[in-house]
Protein chains: 2
Amino acid sequence: MYKNKKFSIGEFSEKTGIPIPTLHYYDELGLLQPERNPSSEHRIYNYEDIITLQKILSLKFLGYSLDKIASLLHESSFTADLNESLSLHLHALEREKVQIEQSMQAIKRVIKLVEEEGEVDSALLFSLIYSMHMEHTWIERYKLTEVVEELSKKSEEDKLALDKTYIQLTKAVKQLYGKPVEDSNVQRMIKDYLEASFSFLGEDLMEKIAHTNVKELDIQELESMTPSPFTEDEQTWLNQAIEYYMKQVEME
Amino acid sequence: MYKNKKFSIGEFSEKTGIPIPTLHYYDELGLLQPERNPSSEHRIYNYEDIITLQKILSLKFLGYSLDKIASLLHESSFTADLNESLSLHLHALEREKVQIEQSMQAIKRVIKLVEEEGEVDSALLFSLIYSMHMEHTWIERYKLTEVVEELSKKSEEDKLALDKTYIQLTKAVKQLYGKPVEDSNVQRMIKDYLEASFSFLGEDLMEKIAHTNVKELDIQELESMTPSPFTEDEQTWLNQAIEYYMKQVEME
DNA sequence: CTTGAACCTCAAGTTACTTCAGGTTTTATA
DNA sequence: TATAAAACCTGAAGTAACTTGAGGTTCAAG
């Protein structure tokens, strides 16, 4: 009968798909300690050991550490206690999943961008990636829940479109930098970018952002933490150009 | 101007949220090596270092190892080369995500079961967890794609219902074990369980399973790998009872 | 000028393995 | 039956990305 079959470590490894060194390791940890041939010390696995290994794999599948598994392995029944620890694991897994999903989205955006734009300046890419990252981090840190939730509702195409507009802006800035801020090309560049941003964000979202009161200190901090694809000089020039543009708009 | 501000490691850690030992570690790896006070060897971080740290965090967010980050950090622009490595990462993340989702589903099922049934025998729980695990593993190993896909379409409630029926079965077996297989209680137990299983699986799925040709050897292997909540004797008795039941049904 | 906070380095611990070196046992073949 | 190859053994070290700790120096405030 197969239940009485004995296996060498090689056979056992073959059947279960678990590498020999891992079996050694589990033996060392006391998780799975098979019989031994007393003269040679070779391990002899049997049917029971298959069951034990399955328990180990099951608990690993549920996300437990080998340490925890070692203790759980000897409990004969699962109580509410276990249920609590299962819930904890569930939450941990949920967080992991969310993190992974965010990374995947970010990578997809970056891939599309690189595909469509060819070579992209690394400072620019970093600033995009970082902002994607922060889009999610902000939720927790500054309770901009409403705003960020609204943002995440925007379609991926819209986000990509905005990214591309941003890339256009950086290219234009590199080209036009040095010209007077009232130059018509410069002003057109500003106009295009701001209009694209506004149309992406929408009026009510702009309102909400304006009314969100993040402490001054935090804003300082955020600003100094936000990477920019522009040199300091370019940034200053760009700010001046934007300021000029806003004044013109107000006058109209 | 804030761009000229210098930070001690403590301040820098505070501002960025990265623990001091981690900053030490990044320094050691050559990822982020700030200025030093030549007399005291104390680290002095500046605005540049914030930018570098952001790059590191961005790339970590995308799933890169610190090793890779070290090399990427010095590249000034991202090419198609990077795009390829991004795609690879994307796939890796996808796999991770799927694995996490499966674990979450399994945990949810186990939690519900424990909640609704109170204390549950551990051998039984392991066999359930293992089968959930295998439900997914089989897809790859035996190309039962069709069948398993059909299975995963079943609603969570249905799965839970089947789990509960299975629990009923194990309880009944423990109670009735020893009675003659033709005993009416025993036969009712078999009937209830088989009918629940059939109604869960549906005829066409049963058909497909029957027609799926897994090699004999593999079946042996699978069987010996599948944990059972029954003792060997109980299993034998149960098989006999089922056999008897099938004969009776055939005669009708 | 002293004391406590902040900083320094170097070493070791963590998890779940994998890899390696150097030696013994089993198994297959001549 | 001799021998060589395959399989096995142990113990140590390597991996990633940190964290923790010991023991000593420097800085800032009172």
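Side chains are part of it too, since the values below use all heavy atoms of this structure and drop only hydrogens, waters and symmetry mates.
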Note to self: Base contacts versus sugar-phosphate-only contacts with protein, heavy atoms under 4.0 Å: please encode nucleotides 20-30 of chain D as B, S and - from 5' to 3'.
What the structure shows: B-----SS---

Next item on the list: Let me know the distance between CG of B/D27 and C1' of C/dC10, rounded to the nearest Å.
Entry: 14 Å

Item checked: Length of the line joining A/I18:CD1 and C/dT18:C1', which is rounded to integer Å -> 14 Å

Next item on the list: Could you check whether A/K60 gets within reach of a base, just the sugar-phosphate, or nothing at all, counting any heavy atom under 4.0 Å?
Entry: sugar-phosphate

Check: Are side-chain heavy atoms of B/F7 and B/R43 found at a separation under 4.5 Å?
Finding: no

Check: For the pair made of NZ in B/K6 and P in C/dA6, what is the distance, rounded to whole Å?
Finding: 22 Å

Check: Roughly, in whole Å, what's the span from CG in A/L66 to C1' in C/dT14?
Finding: 13 Å

Check: Of the nucleotides C/dC8, D/dC8, C/dC17, which has the atom closest to the A/T22 side chain?
Finding: C/dC17

Notebook entry, point to check: So, is A/Y26 close to the C/dA16 phosphate, meaning a side-chain N or O under 4.0 Å from OP1 or OP2?
Noted result: no

Check: With a 4.5 Å heavy-atom cut-off, do B/T52 and B/Y26 have their side chains touching?
Finding: no

Next item on the list: Ignoring the backbone of B/H24, work out which of C/dT9, C/dA16, D/dA17 is nearest its side chain.
Entry: C/dT9

Check: Over how many whole Å does the gap from A/L23 atom CG to C/dT18 atom P extend?
Finding: 10 Å

Margin query: Rounded to the nearest 0.5 Å, what separates atom NZ in B/K108 from atom CG in B/L160?
Written below: 13.0 Å

Item checked: Residue list, salt bridge (Lys or Arg N to Asp or Glu O under 4.0 Å) with A/K171, at least two apart or on another chain -> A/E117

Next item on the list: May I ask you to verify if any side-chain N or O of A/S8 is less than 4.0 angstrom from the OP1 or OP2 atom of D/dC8?
Entry: yes

Notebook entry, point to check: The side chain of B/R43 lies closest to which of these nucleotides: D/dC9, C/dT9, C/dC7?
Noted result: C/dT9

Notebook entry, point to check: Quick one: is C/dT25 close enough that its OP1 or OP2 comes under 4.0 Å of any side-chain N or O from A/R36?
Noted result: no

Next item on the list: Using a heavy-atom cut-off of under 4.0 Å over every strand shown, decide if B/I20 touches base, sugar-phosphate, or nothing.
Entry: sugar-phosphate

Check: What nucleotide among C/dC7, D/dA17, D/dC9 has an atom nearest to a side-chain atom of B/I9?
Finding: C/dC7

Check: Any side-chain heavy-atom pair from A/I18 and A/L57 closer than 4.5 angstrom?
Finding: yes

Item checked: Selected nucleotide, minimal atom distance to A/P19 side chain, candidates C/dT18, D/dA17, C/dT9 -> C/dT18

Next item on the list: Would you mind reporting whether B/H91 and B/R95 have side-chain heavy atoms less than 4.5 Å apart?
Entry: yes

Notebook entry, point to check: Between atom CD in A/E28 and atom P in D/dG11, what is the gap in whole Å?
Noted result: 9 Å

Check: Do NZ/NE/NH1/NH2 and the carboxylate oxygens of B/E11 and B/K6 come within less than 4.0 Å?
Finding: no

Checklist line | Nucleotide nearest B/Y25 (side chain, heavy atoms from C-beta), chosen from C/dC8, C/dA16, D/dA17 | finding: D/dA17

Check: CG of B/D67 versus C1' of D/dC18: gap in Å, rounded?
Finding: 15 Å

Margin query: Between C1' on C/dT14 and NZ on A/K68, what's the gap in Å once rounded to a whole number?
Written below: 16 Å

Check: Side-chain contact, heavy-atom cut-off 4.5 Å: B/V98 with B/E94?
Finding: yes

